[in-house]
There are 2 protein chains.
Amino acid sequence: MTSDTPAVATIVVIFAIIEERLQVLLVHRDAEPEAGTWALPGGVWDGSQSLDAAAAAKLVEETGAGDVYLEQLFTQSGLDHTQPSVAIAYFALVDAGAVRLRSEPGDAWRPAWLPVGELPRLAFANNEVIGQAVERVRAKLDYTNIAYGLLPERFTLRELQSTYQAILGGESLDRRNFRKRMLGNAVIEPTDEVRREGAHRPARLYRFTTREPVFL
Amino acid sequence: MTSDTPAVATIVVIFAIIEERLQVLLVHRDAEPEAGTWALPGGVWDGSQSLDAAAAAKLVEETGAGDVYLEQLFTQSGLDHTQPSVAIAYFALVDAGAVRLRSEPGDAWRPAWLPVGELPRLAFANNEVIGQAVERVRAKLDYTNIAYGLLPERFTLRELQSTYQAILGGESLDRRNFRKRMLGNAVIEPTDEVRREGAHRPARLYRFTTREPVFL
DNA sequence: GCAAAAGTGTTCTTGGTACACCCATGT
DNA sequence: ACATGGGTGTACCAAGAACACTTTTGC
């Protein structure tokens with residue numbers, strides 16, 4: 001497997017909100033190098049399709065999710081010390097409810113969600129990659145609608161706000177200002193449905209006005 | 001030269017302010033493919049150093065400039081239709097006054113500055129790359145000090161403002177507000193020197209408080 | 001009727017924009 | 001003295017932050 005022509009790989013940081021926390025999909029490595037550690041899903045690029053398509057394919061393979069947000073992050077070199085290599089990192093935002101993880105029993109490369117705040121030391125330079133991905137998502141939350149990737153078609157304002165807070169790392173936002181901003185920006189719109197659950201007033205359901213990336 | 005293992009290249013969008021316009025360094029291609037067109041400087045990556053170092057080396061080779069701003073932009077695939085390939089694009093901001101272009105007489109790969117507003121059709125997808133680079137620089141102008149890369153150690157406020165206006169595409173800014181913002185942000189500070197030129201009050205010289213990238 | 005979350009407006013603060021006059025110099 | 005660019009302050013406007021009470025439901 002070792003040679004002196006560069007190896008090209010794509011890796012994907014897949015985010016979802018689970019238990020009101022921002023979590024990343026990682027796979028446990030049973031094989032060398034870096035056996036016994038967690039790593040981002042990825043694979044060698046064979047050039048048969050574009051990089052974007054390869055990353056999207058990887059994402060579908062791991063999660064089965066289609067209606068997602070996917071963006072290129074940056075490219076690293078020198079991760080594999082046995083040969084020249086570059087890794088093109090992407091990040092994706094998926095709705096946890098729509099995900100079905102690969103899980104053949106006894107699978108050698110077990111996937112699992114881990115909260116970004118409590119990551120162990122990962123294989124290669126993956127901690128660094130995830131850190132940059134989180135930073136990017138946080139920044140874009142302010143001036144785009146990318147949160148649509150993390151939520152189902154319909155959701156309550158509480159769920160939306162909880163998503164925002166999870167991404168921002170637990171910092172809590174003012175409910176009224178949050179609502180005003182979201183509706184004022186026309187990033188979401190009310191539907192005529194409500195959801196009843198528990199002993200309190202039903203929550204109106206909202207949807208994103210558009211499920212494609214939009215800059216505010 | 002054709003093979004089915006991926007080729008990895010770095011390319012660099014080198015910006016400078018010349019004649020109060022934002023210009024890009026391009027090289028004229030005399031060889032196939034795309035002979036007779038202009039293209040961004042770049043080269044095959046041999047893996048002997050990091051991608052960042054390779055891009056920095058390319059930059060020095062073309063301009064001789066050292067104290068510059070260099071940032072990775074993004075990575076493209078499929079530019080070369082003869083084999084799988086990826087190109088990692090960078091952009092750089094250099095002080096035109098510190099640049100010495102390569103120019104052996106009769107050089108086959110002539111470098112030249114071209115204003116970003118008046119580019120012909122370039123080789124590969126280079127127009128796209130430059131477009132993205134310009135967009136990124138414009139955005140970062142608002143919340144970072146990256147303009148330091150385009151200016152010498154000391155400069156007048158007029159020069160700084162002219163630089164900003166060139167990047168923003170000719171849109172003119174209010175002098176008083178501009179000064180207030182730059183000094184208020186502590187992104188620049190006055191020196192005790194002035195520059196006399198012409199029949200008017202001498203201009204105070206300023207410098208960047210720090211010549212490393214800083215977010216505001 | 002009470003607990004629990006949903007829904008709603010106003011005030012204050014802050015940052016950005018618009019705008020006009022005096023200053024120092026060379027000729 | 002006049003032409004040329006350098007230097008300064010204030011009033012307005014819009015967006016974000018702080019903040020408390022009423023509504024609807026299930027039990």
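These numbers come from a predicted model, not from an experiment. First the proteins, then the strands, lettered A, B, ... as listed; each starts at 1.
Between R195(B) atom CZ and dG26(C) atom C1' the separation is 17 Å, expressed in whole Å. Between the P atom of dA5(C) and the CD atom of Q161(A) lies a distance of 13 Å, rounded to the nearest Å. One atom, CG of N177(A), and another, P of dG7(C), lie 16 Å apart when rounded to the nearest Å. The interatomic distance linking Y143(B) (OH) with dG15(C) (C1') rounds to 19 Å, in whole Å. Residue N185(B) contributes atom CG, which lies 12 Å from atom C1' of dG16(C) at whole-angstrom precision. In this structure, the CG atom of L205(A) is 15 Å from the C1' atom of dG7(C), given to the nearest Å. Spacing between atom CG of L173(B) and atom C1' of dG16(C) amounts to 12 Å, rounded to whole angstrom units. For the pair F178(A) CZ and dT8(C) C1', the computed distance is 16 Å after rounding to whole Å.
Across the interface with DNA chain D, nearest-nucleotide mapping of R181(A) and R201(A) shows R181(A) to be the residue nearer the 5′ end. Toward the 5′ end of DNA chain C lies the nearest nucleotide of A199(A), the other residue of the pair A199(A) and K180(A) mapping further downstream.
Test E159(A), E193(A), R179(A) against Y206(A) for side chain to side chain donor-acceptor pair (under 3.5 Å) and you get one pass: R179(A). Checked against Y164(A) for a side-chain contact (heavy atoms from CB on, under 4.5 Å), the options D142(A), L150(A), L141(A) give a single hit: L141(A).
Of the candidate nucleotides dG7(C), dC19(C), dA5(C), dA5(C) has the atom lying nearest to any side-chain atom of R158(A). If you check dG9(C), dA18(C), dA20(C) against the side chain of R176(A), the one that comes closest is dG9(C).
Here R196(B) lies in heavy-atom contact (under 4.0 Å) with sugar-phosphate atoms only.
Between the side chain of T37(A) and the main chain of L122(A), no donor-acceptor pair closer than 3.5 Å is present.
F155(B) and F208(B) have their aromatic ring centers within a separation under 6.0 angstrom.
A donor-acceptor contact under 3.5 Å is not formed by the side chain of R179(A) with the base of dA6(C).
Across Y69(B) and P213(B), no two heavy atoms sit closer than the pair CE1-CG, 3.6 Å. When all heavy atoms are compared, the tightest approach of W113(B) to I14(B) is CZ3-O, 3.5 Å.
Taking 4.0 Å as the cutoff to heavy atoms of chain B, we find the contact window on DNA chain D bounded by dA3(D) to dT10(D).
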message: If you apply the rule side-chain contact (heavy atoms from CB on, under 4.5 Å), what do you find for V24(A) with L114(A), and how did you get there?
response: CA-CA 5 Å; V24(A) 195; L114(A) 276 77; 5.6 Å; no
